[in-house]
Amino acid sequence: MTHVVVVGAGQAGSSLVAKLRNSGFEGEVTLIGAETAPPYQRPPLSKAYLLGDMALDRLYLRPESFYADNNITLRLGTEVTGIDPVSKAIAIGDEILPYDELVLTTGSAPRRLPSAIGGDLEGVYTVRDLPDVDAMAPEFVEGKSVLIVGGGYIGLEAAAVAAKKGLNVTLVEMADRILQRVASPQTSDYFRALHAGHGVNILEGVGLSRLTGETRVSGAELADGTTLDVDFVIVGVGIAPGTGLAETAGVALDNGIKTDAEGRTSVDGIWAAGDCASFPYKDTRIRLESVPNAIDQAEVVAQNIMGAGKTYVATPWFWSDQYDVKLQIAGLNAGYDNVVTRDMGDAGISFWYYQGETLLAVDAANAPRDYMVAKRLIEAGKSPSADVVSDPATVLKDLLKA
C-alpha cells in the first residue's frame with residue numbers, strides 16, 4: 001500500500017491530503033506539522049484574529065476530527081530532521097518513517113532583523129504564525145507606541161490593526177515608497193493616504209540603523225538620525241521559502257524548491273507545493289506566496305501522485321484587508337510600463353497594469369466588480385484598451401463579450 005508523507009501542515013499540506021482522500025486515494029497518508037495547532041488560515045492572523053474579531057477555532061481549515069475521520073495520520077509538534085531519498089525515509093529525531101511519495105509543503109519563514117542591530121531584543125515581533133500573533137497581542141494597548149519596519153502588505157496590515165486599536169503607529173520603509181516591490185506608485189499613493197488618514201506616520205526612504213534597549217526594545221535609531229521611543233516593534237521585511245530540509249536531501253533549488261509543471265522535484269519520489277516551491281510559468285519560473293496558489297498547486301500535486309499527469313497552470317490572485325478597504329489583486333504586474341486608474345468614487349478605485357497593449361494585472365480597492373472582470377479578462381488573454389478601462393462610462397462586464 002502506497003504511503004504518502006506530507007511535511008508541512010499549512011494551507012498546502014492540508015489541501016493536499018484532503019484532495020488525496022476526496023479523489024479516492026486509499027493508501028496511507030501522514031501529515032506532519034511543526035506547530036502544535038492543527039492546520040489553520042494564516043491571512044486572518046494579521047487582520048481579524050489580531051483585532052479580536054475571529055476566534056481561534058474559526059482559524060482552523062478543517063475540524064481536527066476531519067483527519068481521523070478520513071484516515072489521515074496528523075502528527076503535530078513534530079520536526080522532521082532529515083530525508084534519505086535513497087531508502088525513501090524521513091528522520092524524526094531517532095525515528096525513521098518510510099515513504100513511497102514525499103511532498104514538501106514547508107512554506108516560508110519571516111526574515112528577521114539581525115541580532116547586531118537589536119533584532120533579538122524582547123518586544124520585537126514578526127507576523128507569520130499563530131504563536132507570533134498570540135505573543136504580540138497583549139502589546140496592542142491603546143496609547144502605546146509601535147514601530148513597524150517594512151512597508152509591504154504585512155507591515156501595512158499590522159499598522160491598520162494598531163491604528164484601529166488606538167496605538168501611536170510609525171512605519172519605516174527603506175525603499176523610496178511603500179509597496180515598491182509589489183505595486184505601482186498609484187497603489188502606493190492610495191494606501192499612503194489611507195494610512196495617513198488614520199494617523200499612521202509613514203517614513204519612506206529611511207532605513208533602520210538599530211533598535212535600542214537593554215533586554216527589551218525601548219527605542220529606534222533611523223538612518224537619517226531620527227530617534228524614536230517605542231514600546232514594541234513589528235518586523236515585516238519579507239519571507240524566505242522553507243528550503244532547508246529539501247537542500248539536505250540534494251533537491252535542486254531555484255528561488256525555492258524547484259519543481260516541474262506537475263510538482264515533481266529533481267529527486268525521484270519527492271514533490272513540493274505552496275510558498276516553498278517555484279514552478280514554470282509562461283516563459284519564466286515563479287514562486288507565489290498566496291493561499292490560492294497553495295491550494296491549487298497542492299491539489300494538482302495530489303492528483304499527479306495518483307497518476308493524473310496534470311500540468312499546474314497558475315491564475316495568480318491575492319488580497320489584503322486594511323481598515324475598511326479590501327484590496328483584491330489579479331494577475332502579475334511584472335514588466336508593466338503603464339498604469340491606468342479607474343476611479344468610480346464610492347464604487348471603488350482600481351489600477352490596471354499594462355505592458356504595451358497587454359493587460360497584466362489589476363489592483364482593485366473596494367471595487368469587486370473591477371477585480372472580477374479584470375481577472376476573467378486576464379485569464380482569457382483579453383486586453384481592452386487602457387482608454388476604455390479608464391472611462392467611467394465603460395460598462396466593464398461588456399468587455400467580456402468583446
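By convention here, the first residue in the shown sequence is residue 1. Computed over heavy atoms, backbone and side chain alike; hydrogens, waters and symmetry mates excluded.
Looking at residues two or more places apart in sequence or on another chain, you find no side-chain hydrogen bond (donor to acceptor under 3.5 Å, both in side chains) involving Asp254.
Remark: Asp268 CG is loosely packed, at most 12 non-hydrogen atoms of other residues, nucleotides or ligands lying under 6.0 Å away. Around atom CG of Asp229, no more than 12 heavy atoms belonging to other residues, nucleotides or ligands sit under 6.0 Å away. Annotation: Glu379, atom CD; neighbour count of heavy atoms from other residues, nucleotides and ligands within 6.0 Å is above 12. With a 6.0 Å radius and a threshold of 12 heavy atoms from other residues, nucleotides or ligands, Arg177 has its CZ atom above the threshold. Counting heavy atoms of neighbouring residues, nucleotides and ligands inside a 6.0 Å radius, atom CD of Glu95 exceeds 12 of them. When the shell of 6.0 Å around NZ of Lys258 is examined, it contains 12 or fewer heavy atoms from other residues, nucleotides or ligands. For Lys326, the NZ atom is densely surrounded, since the number of other residues' heavy atoms within 6.0 Å is greater than 12. When the shell of 6.0 Å around CE of Met306 is examined, it contains more than 12 heavy atoms from other residues, nucleotides or ligands.
When atom types are taken as modelled, the side chain of Glu247 and the backbone of Thr243 share no donor-acceptor pair closer than 3.5 angstrom. No donor-acceptor distance shorter than 3.5 angstrom exists from the side chain of His195 to the backbone of Asn201, with no hydrogens or angles considered. Asn333 contributes no side-chain N or O that, together with a main-chain N or O of Tyr353, makes up a donor-acceptor pair within less than 3.5 Å. In terms of modelled atom types and a separation under 3.5 Å, the side chain of Thr105 and the main chain of Gly8 share a donor-acceptor contact. Proximity of a side-chain donor or acceptor of Ser145 to a complementary backbone N or O of Val230 within less than 3.5 Å is not detected. Here the side chain of Arg216 pairs a donor or acceptor atom with the backbone of Asp231 at under 3.5 angstrom. Looking only at distances, no side-chain donor or acceptor of Asp275 sits under 3.5 Å from a matching main-chain atom of Ser108. Side-chain N or O atoms of Gln41 include one that pairs as donor or acceptor with a backbone N or O of Arg58 at under 3.5 Å. When atom types are taken as modelled, the side chain of Asn70 and the backbone of Ile72 share no donor-acceptor pair closer than 3.5 angstrom. In this structure, the side chain of Thr394 engages the main chain of Val388 through a donor-acceptor pair within 3.5 Å.
With values rounded to the nearest 0.5 angstrom, Leu147 atom CG is found 8.0 Å from Leu171 atom CG. Within the model, atoms CG of Leu102 and CG of Leu104 stand 5.0 Å from one another, a figure rounded to the nearest 0.5 Å. Interatomic distance, CD of Gln328 versus CG of Asn366, reported as 8.5 Å (0.5 Å rounding).
No salt bridge links Arg21 with Glu28; every basic N to acidic carboxylate O contact stays at or beyond 4.0 Å. The existence of a salt bridge linking Lys397 and Asp370 is excluded, since no basic side-chain nitrogen approaches an acidic carboxylate oxygen closer than 4.0 Å. A salt bridge links Lys144 to Glu139: at least one charged side-chain nitrogen sits closer than 4.0 Å to a carboxylate oxygen. A salt bridge is defined here as a Lys NZ or Arg NE, NH1 or NH2 lying under 4.0 Å from an Asp or Glu carboxylate O, and Glu35 with Arg75 fails to meet this definition. Using a 4.0 Å cut-off between charged nitrogen and carboxylate oxygen, Asp129 and Arg42 do not count as a salt-bridge pair.
Contact of the Leu76 side chain with the Pro38 side chain is registered, since non-hydrogen atoms from C-beta on lie closer than 4.5 Å. In this structure the side chain of Ile270 reaches within 4.5 angstrom of the side chain of Val251, judged on heavy atoms. Contact check for Val127 versus Met136: side-chain heavy atoms found under the 4.5 Å cut-off. Side chains of Leu359 and Leu377 form a contact here, defined as non-hydrogen atoms less than 4.5 Å apart.
For Phe232 and Phe140, the ring centers are positioned less than 6.0 Å apart. Separation of the Tyr336 and Tyr354 ring centroids does not fall under the 6.0 Å cut-off.
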**Study point:** Derivation of the side-chain contact (heavy atoms from CB on, under 4.5 Å) call for Ser383 and Glu357
**Key:** CA-CA 7 Å; Ser383 296; Glu357 297 181 354; 5.9 Å; no
**Study point:** side-chain hydrogen bond (donor to acceptor under 3.5 Å, both in side chains) between Ser385 and Asp387, worked out
**Key:** CA-CA 5 Å; Ser385 75; Asp387 290 342; 5.5 Å; no
Exercise for review: Could you please spell out the steps behind the side-chain contact (heavy atoms from CB on, under 4.5 Å) verdict for Ile92 and Ile32?
Suggested key: CA-CA 10 Å; Ile92 303 171; Ile32 301 173; 4.0 Å; yes
Practice item. Apply side-chain hydrogen bond (donor to acceptor under 3.5 Å, both in side chains) to the pair Thr73 and Tyr67, showing each step before the final yes or no. Key: CA-CA 7 Å; Thr73 300; Tyr67 302 95; over 6 Å; no
Point to revise | side-chain contact (heavy atoms from CB on, under 4.5 Å) between Leu360 and Trp352, intermediate numbers included | key: CA-CA 8 Å; Leu360 300 177; Trp352 298 60; over 6 Å; no
Exercise for review: Apply the test side-chain hydrogen bond (donor to acceptor under 3.5 Å, both in side chains) to residues Trp271 and Glu101: give CA-CA distance (whole Å), side-chain angles for both, the deciding distance (0.1 Å), then the verdict.
Suggested key: CA-CA 8 Å; Trp271 311 69; Glu101 304 289 343; 2.8 Å; yes
Point to revise | Steps toward side-chain hydrogen bond (donor to acceptor under 3.5 Å, both in side chains) verdict (Asp321, Tyr153) | key: CA-CA 9 Å; Asp321 294 321; Tyr153 287 119; over 6 Å; no
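A donor-acceptor pair shorter than 3.5 Å can be found between the side chains of Arg112 and Thr126. Judged by distance alone, the side chains of Asp84 and Ser87 do bring a donor and an acceptor atom under 3.5 Å apart. For the residue pair Asp343 and Tyr190, no side-chain donor N or O sits within less than 3.5 Å of a side-chain acceptor on the partner. At a cut-off of 3.5 Å, with distance as the only test, a side-chain donor of Ser46 or Glu157 sits close to an acceptor on the other residue. Of the N and O atoms on the side chains of Tyr312 and Asp260, not one donor lies less than 3.5 Å from an acceptor on the other residue. The closest side-chain donor-acceptor pair between Ser350 and Tyr371, if any, does not fall under 3.5 angstrom. Between Gln322 and Ser320, the side chains place a donor N or O and an acceptor N or O closer than 3.5 Å (distance only, hydrogens not considered).
Under the 30°/60° scheme for interplanar angles, the aromatic rings of Tyr281 and Phe279 are found to stand perpendicular.
Looking at Ile202, Asp363, Ile178 one by one, the single match for side chain to side chain contact (heavy atoms under 4.5 Å, CB included) with Phe191 turns out to be Ile178.
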